[in-house]
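Note that the numbering runs from 1 along the sequence shown for the chain.
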Amino acid sequence: MSKPLNNELFNEIVNTLKHNNSMTGYDIYKSLKSRGIYVSKRLVYYYLSFGIKHGYFKMDVKEESGKYSWGSTANKKYYSILSQEQNTH
């Protein structure tokens, strides 16, 4: 059984992505928090997974260079809204 969906929170995530085009899950979390919407990072990722599964979002993995404790590159997951033509719902 899955968790019940909070439509308000899901819509906030959708609106955040609409205004910012493509963001990491952590950046979405920080954006919500800065607007006074206090949720866990885990819940944000749950909603992103739900959105991918149901055809609202897509995820792209991009390799980024930088100084990380494990090396010089990191694979980051970027989420974005599927266009209406791609959206199956």
[X] [atom1] to [Y] [atom2] distance, which is reported to the nearest 0.5 Å:
X   : Y   : atom1 : atom2 : result
K33 : I28 : NZ    : CD1   : 15.5 Å
H19 : I81 : NE2   : CD1   : 10.5 Å
N75 : E63 : CG    : CD    : 5.5 Å
S80 : N20 : OG    : CG    : 11.5 Å
E64 : S72 : CD    : OG    : 12.5 Å
I13 : L48 : CD1   : CG    : 5.5 Å

message: Among F10, Y78, Y45, Y47, which residue satisfies the ring-ring contact (aromatic ring centres under 6.0 Å, His included) criterion with F57?
response: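 For F57, the ring-ring contact (aromatic ring centres under 6.0 Å, His included) check succeeds only for F10.
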With [X] via side-chain contact (heavy atoms from CB on, under 4.5 Å) - residues at least two apart:
X   : answer
S40 : R42, L43
S49 : none
R35 : E12, T16, S31, L32, I37

task: Can you see which heavy atom on N6 is nearest to which on E8, and at what distance?
output: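 Nearest pair, atom of N6 first, then E8: OD1-N, 3.0 Å.
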query: What do the steps show when you test L17 against M23 for side chain to side chain contact (heavy atoms under 4.5 Å, CB included), and what is the final call?
result: CA-CA 7 Å; L17 285 171; M23 299 175 78; 4.1 Å; yes
message: For the backbone of N11 and the side chain of N15, can you confirm whether one donor and one acceptor N or O come within less than 3.5 Å of each other?
response: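 Yes: the side chain of N15 pairs with the backbone of N11.
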